[in-house]
Amino acid sequence: MLRSVSNKLTAFPTRSHVSSTASSNSWTTIVPALARFDSIGVLRAAVELINDGEKPDASPLVHLLRVSGNYGYVSLCQQLHGYVIKHGFVSDTRVSNSLMRSYKTSDSLEDAHKLFDEMPEPDVISWNSLVSGYVQSGRFQEGLCLFLELHRSDVFPNEFSFTAALAACSRLRFMRLGACIHSKIVKLGIEKGNVVVGNCLIDMYGKCGCMDDAVLVFQHMEEKDTVSWNAIVASCSRNDELELGLWFFHQMPNPDTVTYNEIIDAFVKSRDFNNAFEVLLDMPNPNSSSWNTILTGYVNSEQSGEATEFFTKMHSSGVRLDEYSLSVVLASIATLAVVPWGSLIHSCALKLGLDSRVVVASALVDMYSKCGMLKDAEVIFWTMPRKNLIAWNAMISAYARNGDSTGAIKLFNRLKQERFMKPDRFTFLNLLAVCSHCEVPMEVTLGYFEMMVNEYGIKPSVEHCCSLIRAMGKRGEVWQAKMVIQQFGFGYDGVTWRALLGACGVRKDLKAAKVVAAKMIELGDADEDEYVYIVMSNLYAYHERWREVSQIRKIMRDKGIKKEVGSSWIQGQNVAIQL
DNA sequence: ATAGGGTTAG
């Protein structure tokens with residue numbers, strides 16, 4: 001954690017050649033300046049003051065740490081940490097807590113946790129700071145574990161302790177734990193008189209799908225602020241209660257940009273793009289989010305063409321494009337696989353300086369891989385300054401999609417070596433998919449499946465099992481695959497049989513296919529039926545059983561099933577996005 | 001001189 005053993009703070013460029021302004025400064029003038037505004041100039045002066053031998057006490061140090069943390073000067077924070085240790089400030093919880101905050105804001109959560117572990121007597125603020133650090137960086141489970149640990153410690157939690165924990169429950173859809181925390185809050189008498197706690201409760205119930213409880217909390221709040229109203233409107237929109245949401249909206253005293261964005265989102269979720277667009281044009285202060293909401297709506301409802309058109313409109317209207325605008329439009333381009341548009345957005349990202357943001361870079365990896373440009377995806381991935389699990393998964397799925405099982409497995413092994421990074425169900429989904437599609441030995445595939453269940457405690461989903469079934473079926477282990485289907489209780493799920501039938505089709509195993517097809521017809525899912533007929537007619541044709549082929553073709557004609565003509569999705573012309 | 005912790009939108 002500590003890199004500097006020098007007595008001087010060197011991380012921050014000081015202006016030693018300039019006639020020192022520091023001599024005229026002192027902590028009495030610097031501290032109020034640091035307190036009033038985060039300025040690099042004042043920070044520089046403070047660092048010079050320390051290097052000139054003026055010893056700060058706790059308060060200036062707290063300010064210094066806050067400002068250097070806000071600017072992301074990790075190295076300076078680390079050197080100040082050294083200073084703090086050397087001059088015996090570690091036992092000062094205020095100083096240590098502000099050090100923790102600096103590490104958090106400069107994305108060094110691990111350093112913050114280490115410091116926390118070294119603190120002799122962490123107080124409730126230290127705990128809250130660390131819990132919220134985990135929650136804010138998306139590590140919800142770890143945050144909740146710490147929160148529960150706080151309850152077992154001798155430190156007494158306060159209202160601040162609950163808000164981050166509730167936020168984590170919201171994101172994880174942990175309704176039962178959230179409700180437990182709610183009852184604890186009521187017991188401690190915190191519920192009334194704290195707006196933020198109430199807001200978190202509304203949000204938690206809303207995100208967990210408990211609309212009624214969200215409304216109850218809202219109605220019982222003695223004091224409501226804009227966030228409370230926004231949270232209840234958001235809960236309505238999330239739970240497809242457009243009318244109720246509008247009802248709250250019309251009662252709201254002072255709607256702000258977030259409120260209007262929620263209303264846009266509510267319309268978008270009910271596929272009412274006209275009203276969404278009308279709100280966007282009528283609202284007082286639309287921002288990037290307002291536009292992004294509609295853009296996301298198009299992508300989510302699989303209207304990629306509309307999405308790219310809308311993006312062009314955003315650009316020509318002078319809307320400030322942010323990392324979300326770019327990542328969403330990249331997702332729509334990825335489904336269209338129009339390479340020139342993708343490159344255009346890539347250069348747009350470079351120009352805006354957003355290309356190394358995790359969401360943008362992950363979207364670029366995904367876009368290039370869906371356009372079949374694996375090498376470009378690799379370059380983006382390896383040049384990312386920070387990678388989260390989504391980025392790793394995007395790259396593994398890039399290999400999987402392009403049939404490179406060696407690449408996928410290699411990258412998976414790299415991921416396993418990463419500290420603080422744990423493969424999740426999506427990682428294994430891609431890994432198992434590539435194993436089932438390529439010539440990966442069955443025992444290797446089974447090994448990953450078992451690793452997922454035993455080592456990482458991930459419950460296999462239908463999709464995971466389908467990959468396993470496909471892998472077995474392709475190797476002629478149809479009966480074993482049938483056992484997997486039964487064993488995991490997916491016997492009534494047409495998708496699993498479909499996977500097996502597909503595998504039989506690959507192996508040209510007519511005998512096994514007939515058994516599986518009969519099972520699928522018995523389940524009677526219309527969409528699956530269609531697939532059965534196509535696979536079976538191809539199989540009969542392969543075995544030159546023309547009588548059966550014409551019988552099946554007749555059934556297909558009667559049912560109006562048509563065979564899609566195979567074609568490539570990659571497009572390479574007609575640049576329609578104008579930037 | 002003396003400001004370490006919390007919530008809502010894509």
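Throughout, protein chains are lettered first and strands after them, A, B, ... in sequence-line order, and every chain is numbered starting at 1. Treat the numbers as computed from the prediction; the structure is a model and nothing was measured.
Across all strands, A:D123 comes closer than 4.0 Å to base atoms (heavy-atom distances). Using a 4.0 Å heavy-atom criterion, one finds that A:T28 contacts the bases of the nucleic acid, with or without backbone contacts as well. Across all strands shown, A:E323 has no heavy atoms under 4.0 Å from either base or sugar-phosphate atoms. Nucleic acid contact for A:S96: none, since no nucleic acid atom lies under 4.0 Å from a heavy atom of the residue. Residue-level contact check: A:S288 touches the bases, meaning some heavy atom is under 4.0 Å from a base atom. At the heavy-atom level, A:V197 lies under 4.0 Å from base atoms of the strands shown. In this structure, A:A231 reaches neither bases nor backbone, as no heavy-atom distance under 4.0 Å exists between it and the strands shown. At a threshold of 4.0 angstrom between heavy atoms, the contacts of A:S132 are confined to the sugar-phosphate backbone, with no base atom among them.
Remark: A:L321 CG to A:L354 CG distance equals 8.5 Å, nearest 0.5 Å.
The 12-atom threshold is not exceeded at CD of A:E121, counting heavy atoms of other residues, nucleotides or ligands nearer than 6.0 Å. Within 6.0 Å of CG in A:N254 there are 12 or fewer heavy atoms belonging to other residues, nucleotides or ligands. For A:K224, the NZ atom counts as densely surrounded, since its 6.0 Å shell holds more than 12 non-hydrogen atoms of other residues, nucleotides or ligands. Residue-environment remark: CD (A:E302) stays at or below the threshold of 12 foreign heavy atoms within 6.0 Å.
For the pair A:R238 (side chain) and A:M211 (backbone), a donor-acceptor distance under 3.5 Å is absent.
For DNA chain B, the outermost nucleotides in 5' to 3' order that have an atom under 4.0 Å from a heavy atom of chain A are B:dA1 to B:dG10.
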